[in-house]
Amino acid sequence: MNSSNQTIAAGAVAEYNQCPVIALVVPCYNEEEALPVTAPTLIGVLDRMVEEGIASGESFVLCVDDGSKDHTWSIIEKLHERYPRLLAISLAHNRGQQNAMLAGLMTVRPICDAAITLDADLQDSPDAIIEMVKEYRNGADIVYGVRSSRKSDSWFKRNSARAFYKLQRRLGLETIYDHSEFRLMDRRALDCLSEYGESNIFLRGIMPHIGLNSAIVRYDRSARNAGETKYSVGKLISISIDGITSFTAQPMRLIFMVGVALLLLDVFIGIWVLVSLFLGKAISGWASIMLSIWFLGSLMLIALGIIGEYIGKIFVEVKNRPRYAIAKEILK
Ligand code: UDP
Ligand code: MG
């Protein structure tokens with residue numbers, strides 16, 4: 001089946017399936033302490049949705065073991081024996097949360113109507129899962145979990161996250177404020193996501209880039225149920241830089257703008273240098289060196305900026321992203 005047929009088929013499933021199959025995709029890296037608590041809670045949420053007639057009995061949890069170095073996989077195997085609704089895949093190496101989520105989403109794509117990604121530590125409220133599914137059933141293709149507060153974060157994380165969101169916005173990257181990776185994506189959104197072939201994947205940026213119908217569910221993010229955060233300050237900075245550089249070439253345009261601004265400033269510098277020269281305040285050779293330093297400096301920044309513009313175009317082309325996503329069709 002080609003991808004446009006797949007999109008149509010996915011739409012048909014979502015529209016007519018009264019009880020959607022929901023997949024909870026949980027990336028797990030060294031989560032041996034958290035999983036024994038998280039798994040029964042998530043299975044409990046699925047059971048509740050099945051009982052209430054919101055989700056199909058075929059709904060499941062998919063744990064993605066992201067190359068854990070502890071006993072995460074053997075714990076998952078035991079949990080699967082106890083809860084057959086808990087399925088899993090294991091990545092050969094630690095590839096990071098983004099890749100682990102992507103692997104899980106692409107695995108569940110053919111076998112669910114909607115998938116929800118969430119942390120293995122129950123920081124993403126299980127009750128909000130039900131709200132998300134309700135929003136999906138009301139017609140949303142993507143539902144973003146948005147934190148109502150950041151009380152559970154450290155001072156550093158709270159403020160650095162805010163600064164990061166602001167910087168992203170300034171640089172023209174569209175992201176949802178206070179939303180991290182807790183989100184529902186229906187089959188149509190997953191089909192669109194599958195067409196993004198880039199290696200530096202940043203799901204928080206890609207989902208708004210896809211567009212489609214979206215909704216927001218607010219929730220209180222609690223503290224980790226067990227274990228420790230896998231994000232050191234270094235890792236947080238690295239993912240922030242990845243997020244920006246994989247979405248926008250705007251920093252290169254800034255170089256060009258600085259060059260042009262300096263060129264304008266050169267007029268005033270030139271007047272000051274010439275006045276100093278004619279008033280006899282300058283030693284011989286100073287005026288010509290000053291003028292050439294400022295003028296050449298501005299020209300070099302402008303030239304770098306122009307090269308940057310072309311590199312920016314190459315950067316967009318090599319990503320080979322889909323140029324559009326179809327949200328609705330009437331084809332017959
Ligand atoms: N995670 C992962 N691979 C990694 C790092 C983290 O799969 O290399 C998972 C981790 O097990 C958790 C989720 O990503 O389920 C988010 O990580 P964590 O809870 O440590 O981040 P925080 O909530 O502190 O930002
Ligand atoms: Mg967490």
Side-chain angles (χ1 to χ4, degrees), residues 6 9-10 12-29 31-32 34-66 68 72-91 97-137 140-143 145 181-191 193-194 203 217 219 225:
Q6 259 174 1
V13 171
E15 244 159 74
Y16 298 115
N17 195 339
Q18 288 305 303
C19 260
V21 176
I22 303 297
L24 303 181
V25 175
V26 187
C28 308
Y29 180 57
E31 297 288 6
E32 60 182 9
L35 277 175
V37 187
T38 303
T41 310
L42 295 183
I43 300 286
V45 172
L46 287 182
D47 287 343
R48 230 167 87 197
M49 289 199 291
V50 174
E51 267 167 37
E52 289 175 20
I54 304 173
S56 149
E58 288 164 39
S59 301
F60 59 94
V61 176
L62 181 89
C63 291
V64 183
D65 180 8
D66 183 16
S68 296
T72 297
W73 185 252
S74 54
I75 286 172
I76 288 175
E77 282 176 324
K78 281 193 199 111
L79 287 167
H80 169 67
E81 277 170 27
R82 187 141 173 226
Y83 307 102
R85 237 190 239 289
L86 184 137
L87 310 176
I89 56 171
S90 169
L91 305 190
Q97 183 186 3
Q98 298 289 317
N99 287 316
M101 283 189 298
L102 187 68
L105 290 172
M106 291 304 114
T107 305
V108 301
R109 178 180 157 221
I111 47 174
C112 73
D113 291 305
I116 300 176
T117 47
L118 70 165
D119 277 15
D121 51 23
L122 287 188
Q123 284 194 277
D124 303 320
S125 149
D127 290 333
I129 294 174
I130 301 178
E131 295 305 311
M132 285 180 161
V133 173
K134 286 183 180 161
E135 289 290 351
Y136 156 67
R137 298 195 58 169
D141 295 300
I142 304 171
V143 186
E181 303 300 348
F182 185 30
R183 86 179 74 77
L184 176 148
M185 288 145 278
D186 72 356
R187 238 208 268 178
R188 191 181 287 273
L190 292 176
D191 285 343
L193 173 63
S194 71
L203 291 167
V217 163
Y219 72 102
N225 61 357

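In this chain, numbering begins with 1 at the start of the sequence shown. Quick caveat, the model's predicted, so the values are computed rather than measured.
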Is there a donor-acceptor pair closer than 3.5 Å between any side-chain N or O of Thr117 and the backbone N or O of Glu181? yes
Across all chains, not counting sequence neighbours, the side-chain hydrogen bond (donor to acceptor under 3.5 Å, both in side chains) partners of Thr38 are Asn225
Can you pull the side chain to side chain donor-acceptor pair (under 3.5 Å) pairs that have at least one residue in residues 78-89, sequence neighbours excluded? Asp47-Arg85
Mind checking what makes side chain to side chain contact (heavy atoms under 4.5 Å, CB included) contact with Glu51, not counting sequence neighbours? none
Least distance between heavy atoms, Cys19 atom then Asp113 atom: O-OD2, 4.5 Å
When rounded to the nearest 0.5 Å, the distance separating CD1 of Ile54 from CZ of Arg137 is 7.0 Å
Scanning both residues in full, the closest heavy-atom pair of Glu31 with Ala120 reads CG-CB, 3.7 Å
Over all heavy atoms of both residues, which pair between Val26 and Cys28 is shortest? Give the atoms and the distance, please. O-SG, 3.3 Å
Residues in side-chain hydrogen bond (donor to acceptor under 3.5 Å, both in side chains) contact with Glu58, at least two apart in sequence or another chain: none
Testing the basics here: between Leu184 and Met132, what is the closest heavy-atom pair and its distance to 0.1 Å? CD1-O, 3.8 Å
Would you mind reporting whether Met49 and Ser59 have side-chain heavy atoms less than 4.5 Å apart? no
If you look at every heavy atom in Leu86 and Cys63, which pair is closest and at what distance? CD1-SG, 4.1 Å
Scan the side chains in residues 99-107 for donor-acceptor partners under 3.5 Å anywhere in the protein, sequence neighbours excluded, and list what turns up.
from   : atom 1 : to     : atom 2 : distance (Å)
Asn99  : ND2    : Arg95  : O      : 2.9
Thr107 : OG1    : Ala103 : O      : 2.6

To the closest 0.5 Å, what do you measure between CG (Leu190) and CG (Asp141)? 10.0 Å
For Glu131, what residues pass the side-chain hydrogen bond (donor to acceptor under 3.5 Å, both in side chains) criterion, not counting sequence neighbours? none
List for me each residue that meets side chain to side chain contact (heavy atoms under 4.5 Å, CB included) alongside Ala23, sequence neighbours excluded, and say none if there are none. Phe60, Val108, Cys112, Ala115
Can you tell me how far the CG atom of Leu87 sits from the CG atom of Leu79, to the nearest 0.5 Å? 12.0 Å
Name all residues meeting the salt bridge (charged side-chain N to carboxylate O under 4.0 Å, His left out) criterion together with Asp121; count only those two or more places apart in sequence or in a different chain, and write none if there are none. Arg224
Contacts of type side-chain hydrogen bond (donor to acceptor under 3.5 Å, both in side chains), residue Glu135, not counting sequence neighbours: none
Tell me the closest heavy-atom pair linking Thr72 and Glu32, and the distance in Å. OG1-N, 3.5 Å
Give a yes or no answer on whether the side chain of Asp124 reaches the backbone of Asp119 with a donor-acceptor pair at less than 3.5 Å. yes
Output the distance between atom CG (Leu42) and atom CG (Leu62), rounded to the nearest 0.5 Å. 12.0 Å
Given 3.5 Å as the limit, does a donor-acceptor pair link the side chain of Ser56 with the main chain of Val21, or not? no
Sequence-distant partners of Asp65, salt bridge (charged side-chain N to carboxylate O under 4.0 Å, His left out), two or more places apart: none
Non-neighbouring partners of Ser125 that pass side chain to side chain contact (heavy atoms under 4.5 Å, CB included), sequence neighbours left out: Asp127, Ala128, Tyr219
Do the non-hydrogen side-chain atoms of Leu203 and Gln98 ever get within less than 4.5 Å of each other? yes
